[in-house]
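To start, the structure under review is shown below, and the notes come after it.
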Amino acid sequence: MPKLKTKRAAAKRFKKTGTGKFMFNRPGHSHILTKKSRKRKRYLKKERVVSEAMLDHVKRMLPYS
């Protein structure tokens, strides 16, 4: 059985927690911040857990994590 390749784009965006969940940063907090409200920017700072619907996709992209 050949080794599986990790999708590098996914490896840069997702990280695995100690309990086995995957976390990711919300998009949209890097530029054009002047028109966004303070509340919205605070919300974008927080990391988020990958939903159950997307979990299988993320696991397939990161086979060895």
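Numbers here simply count residues along the sequence, with the first being 1. Values in this document were obtained by computation on a predicted structure and should not be read as measured data. The analysis underlying the following values was restricted to heavy atoms, covering all of them including side chains, and did not include hydrogens, waters or symmetry mates.
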Checklist outcome for this item: side chain to side chain donor-acceptor pair (under 3.5 Å) pairs touching residues 7-28, sequence neighbours excluded, are Lys15-Glu47, Thr17-Thr19, Arg26-Tyr43
Checklist entry - What residue pairs, at least two apart or across chains, pass side chain to side chain donor-acceptor pair (under 3.5 Å) with a residue in residues 49-63? => result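 For residues 49-63, and leaving out neighbouring residues, there are no side chain to side chain donor-acceptor pair (under 3.5 Å) pairs at all.
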Checklist entry - Looking at residues at least two apart in the chain, or sitting in another chain, which of them share a side chain to side chain contact (heavy atoms under 4.5 Å, CB included) with Lys39? => result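 Side chain to side chain contact (heavy atoms under 4.5 Å, CB included) check on Lys39 returns Ser37, Arg42.
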Checklist entry - Quick check: does any side chain N or O of Lys36 sit under 3.5 Å from a backbone N or O of Leu44, one acting as donor and the other as acceptor? => result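 Pair absent, no side-chain N/O of Lys36 close to backbone of Leu44.
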When clusters are formed from ILVMFWY side-chain contacts under 4.5 Å, directly or step by step, what else is grouped with [X]?
{"X": "Leu4", "result": "Tyr64"}
{"X": "Leu33", "result": "none"}
{"X": "Phe22", "result": "Phe14, Phe24, Val50, Met54, Leu55, Val58, Met61, Leu62"}

